[in-house]
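Right, one structure below, let's go through it.
Below, all heavy atoms of this structure are taken into account, side chains as well, without hydrogens, waters or symmetry copies. Order of listing sets the numbers, starting from 1, for every ligand and every atom in it. Numbers for residues simply follow the sequence, beginning at 1.
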Amino acid sequence: MLFAHDTECSLVAAAALVNTGGSDGEGLPDVAALDEFFVAHAYSGRHEHTDAELEAVRELRPRLRRLWHADTDEIVAIVNGLLRENDALPQLITHDDEPYHLHAVPRDAPLAVRMAVEAAMAMADLVRSGELSRLRICDHPECDNVLVDLSKNRSRRFCDAGCGNRAAVTAYRARKAAARR
Ligand SMILES: [Zn+2]
Ligand SMILES: [Zn+2]
């Protein structure tokens, strides 16, 4: 493991959240979609199942996406802003049989607030360990998804949406076409 477990989970969830707002169309079209996202990324704590909650989560995405495009100084400004605005106060806690991990806002804080602060805390780890190069954009030319490369040898190039396969098929066809010529 490169980073603490909660950091890695938060980074993966932040990337997934950003990608629900990508050019592939709205990935969080309704409250049910947010419910699914909540379960898929093992969120716990307050969850309202309301349109207002959904809207707040959607509104967070452009700011988080910016983290994948910004330079270090801008990333730091975004991270510090998210922590300050949401009154982050890191505390080690344990719940649901999980080992001690950091929460920086109470579990009954709104979902979008917890998502924002979790992402900011995880990004703070990346900044401190000089690992911002782990934040990548998918290499597929038609994909603008973001990803976090948590592989040991920094080899990850494609997002989770099947772009690795798509690229392999394209390369295979290109080789075959070249061989026929
Ligand atoms: Zn927790
Ligand atoms: Zn992709």
What is the name of the N/O/S atom in His103 that sits closest to the Zn ion (ligand 1)?
NE2
Students often mix this up, so state it plainly: with edges at 30° and 60°, are the rings of His101 and His95 parallel, tilted or perpendicular?
perpendicular
Other residues, nucleotides, ligands: >12 heavy atoms within 6.0 Å of Glu36 CD
no
Name of the His101 atom (N/O/S only) found closest to the Zn ion (ligand 1)
NE2
Do other residues, nucleotides or ligands put more than 12 heavy atoms under 6.0 Å from His5 NE2?
no
Distance criterion under 2.8 Å: protein N/O/S atoms around the Zn ion (ligand 2)
4
Please say whether more than 12 non-hydrogen atoms of neighbouring residues, nucleotides or ligands are located less than 6.0 Å from CG in Asp97.
no
Would you check if there is a donor-acceptor pair between the side chains of His140 and Asn145 at a distance under 3.5 Å?
no
Are the side chain of Arg156 and the backbone of Ser151 linked by a donor-acceptor contact shorter than 3.5 Å?
no
Say whether, by atom type as modelled, one donor and one acceptor occur between the side chain of Asn19 and the main chain of Val146 under 3.5 angstrom.
yes
